[in-house]
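One structure is given here, and the rest of the page talks about it.
Atoms within each ligand, like the ligands themselves, are counted from 1 in listed order.
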Amino acid sequence: MAKVTGFLEIDRQEQRYQPASDRIRHFKEFVLPLPEPEVRRQASRCMDCGIPYCHGPTGCPVHNQIPDWNDLVWQDDWEEAARNLHSTNNFPEWTGRICPAPCEEACTLNLEDAPVTIKTVEQAVADKAFQEGWIRPQPAERKTGKRIAIIGSGPAGMAAAQQLARVGHDVHVYEREPKAGGLCRYGIPDFKMEKYHIDRRVTQMEGEGVIFHYGVNIGVTTPMKELVDEHDAVLIATGSERPRDPGIGGMELTGVHYAMPYLIQSNRRVNGEPVPEIDHPDDIWAGRRHVVVVGGGDTASDCVGTAFRQGAISVTQLDIRACPPEKENKALVWPYWPTKLRTSSSQAEGAEREFQAATLEFVGKNGVLTGVKCARVDEKRQPLEGTEFILKADLAFIAIGFAGPLEDTFVKEFGGALKQDRRTNILADEKSYRTSVDKVFAAGDVRRGQSLVVWAIREGRQAARSIDQFLMGETSLPL
Ligand code: FAD
């Protein structure tokens, strides 16, 4: 237990942000971390309440031992706190930055609207571990001689690769892009998580023997069959990439884009990677444009923040959901899941938000987008007659989710032998992660559909355990 009376004496204090007017001038992270003594005070608010919601399945998908490391931080034993944190989470500095923190929603103190600042403490522990040099490669003492292929280097693939390398397998990660990280690199902007956090984990993993092969598109540049033949097991961790189609008119207009090409271009520009679209018609730049973003989730928010940083004149976000009531009745829904409506830091940078708004059509002149036609919706999200309105727009980004893996790759190559569920995700058992194809496993968004980084890490870790068990007949990897 941390400080017995901590939660009574100490108020919750959140990390602060740079003011919006300053932070939209750059792409770097803008959170102002709490000083170390304050992090310890915040950790001391954890009362080890005995109700395992924060580290149970509703609170933390990787089952972080939250009360334990809160106590260790309060006791000033940061190194042990870091060890504890890494025993359940391969990349806590990622989740400490970008997780929506279902643990805080599940915290007992959230009954009083003041949960322990679990995410802040997690980030502080992980960052200190890097500063102090406690994060080092942990290569296996013995090699097993088994060779494993992992397709995709997002959080699911990287977590699985690290776990499997540490128990002595030869792990090869095959990645289509020039760098590792998946959506954490090419989707999520630097202002939420700078890319050096990924680079130093790649360095750590290389020190553990993981071999990354970049620019390899399995099922396109390299046949899946080759991978299956040459490895003892294959893990598919390729994410959920097919954008959901809004099924409305005007998609062909210049200025209408899905969110991901926009975010990928921006992330590449910010990190000095080549952007082949620059100076081509597909170059997407929001500077001095009126921007409309369709969708209300993380992807939409990231488009909003990116557009502001590129100098958009206006950014309007369309959300089909209703505006949340001022005060929610938490007693009815606690512990609840944090996909409820919230205001992201990007939205707080000045976005106009239109709630209960359906997007009816993109409208334009001479093939170029000029506006987005919308209507208010009823409780069943059906457009209400007579409520139509048009928002001025030079650019529109569609961010209404993802519908499953790309089909034209290894999925096609398997020709139906690799079973998919009714949402077209790769069908794999939720405990063993085994697919319908012998020695082929699947984990992360490609299996569960679009989700969160913390779920991808969990699935990668659990799939690694299952693969180890499959290859060795037993496993020492944690559940
Ligand atoms: P991905 O991260 O999608 O990685 C898949 C990898 O596989 C990619 O690197 C891809 O290039 C590679 N690949 C695909 N096909 C092939 C192939 N055929 N051959 C070789 N390689 C291939 N979650 C949060 O928790 N917090 C957030 O703030 C957040 N923000 C988000 C913002 C955006 C814009 C998006 C799109 C998602 C966001 N998410 C967020 C969700 C989160 O990023 C994903 O749930 C998570 O990254 C899924 O991890 P993954 O490893 O399963 O797949």
Contacting atoms of ligand 1, where contact means under 4.0 angstrom from a heavy atom of [X]:
X	value
Glu241	14 (C), 15 (N)
Leu263	34 (C)
Thr299	33 (C), 34 (C), 35 (C), 36 (C)
Gly444	52 (O)
Ile218	17 (C), 18 (N), 19 (N), 20 (C)
Asn217	17 (C), 18 (N), 19 (N)
Tyr174	20 (C), 21 (N)

With only distance considered, is Pro155 within less than 3.5 Å of ligand 1 through an N or O on each side?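 The answer is yes, given that Pro155 and ligand 1 share an N or O pair closer than 3.5 Å.
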So is [X] close enough to ligand 1, meaning a heavy atom under 4.0 angstrom away?
X	value
Ser451	yes
Gln450	no
Arg185	no

Can you tell me how far the [atom1] atom of [X] sits from the [atom2] atom of [Y], to the nearest 0.5 Å?
X	Y	atom1	atom2	answer
Thr238	Leu406	OG1	CG	8.0 Å
Ser345	Gln18	OG	CD	11.5 Å
Asp394	Ser314	CG	OG	8.0 Å
Ile98	Cys184	CD1	SG	4.5 Å

Taking [atom] as the reference point, the nearest protein heavy atom with its distance:
atom	answer
atom 51 (O) of ligand 1	Ala156 N, 3.0 Å
atom 52 (O) of ligand 1	Asp445 N, 2.9 Å
atom 42 (C) of ligand 1	Val453 CG2, 3.8 Å
atom 7 (O) of ligand 1	Gly152 CA, 3.2 Å
atom 20 (C) of ligand 1	Val216 O, 3.2 Å

Report the part of [X] in contact with ligand 1, treating N, CA, C, O as backbone and CB onward as side chain, heavy atoms under 4.0 Å; options are side chain, backbone, both, neither.
X	answer
Thr238	both
Ala456	side chain
Ile151	side chain
Trp455	neither
Glu459	neither
Ala237	backbone

Considering Gly460, Gly297, Gly239 one by one, which has a heavy atom nearer to atom 53 (O) of ligand 1 than any of the others?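 Selected option, by shortest heavy-atom distance: Gly239.
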Kindly assign one of parallel, tilted or perpendicular to the pair Tyr174 and His172, based on the angle between their ring planes and the thresholds 30° and 60°.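 Correct class here is parallel.
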Taking side chain to side chain contact (heavy atoms under 4.5 Å, CB included) as the test, write out the residues that go with Ala286, two or more places apart.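 Checked Ala286 against side chain to side chain contact (heavy atoms under 4.5 Å, CB included); matches are Tyr262, Val291, Ala307, Gln310, Ala312, Leu395.
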Of Glu122, Arg461, His63, which is the lone residue that meets side-chain hydrogen bond (donor to acceptor under 3.5 Å, both in side chains) with Asn89?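 When side-chain hydrogen bond (donor to acceptor under 3.5 Å, both in side chains) is applied between Asn89 and each of Glu122, Arg461, His63, only Glu122 qualifies.
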Return the minimal non-hydrogen interatomic distance between Leu477 and Arg465, and the atom names on each side.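 Closest heavy-atom pair between Leu477 and Arg465: O-NH1, 2.5 Å.
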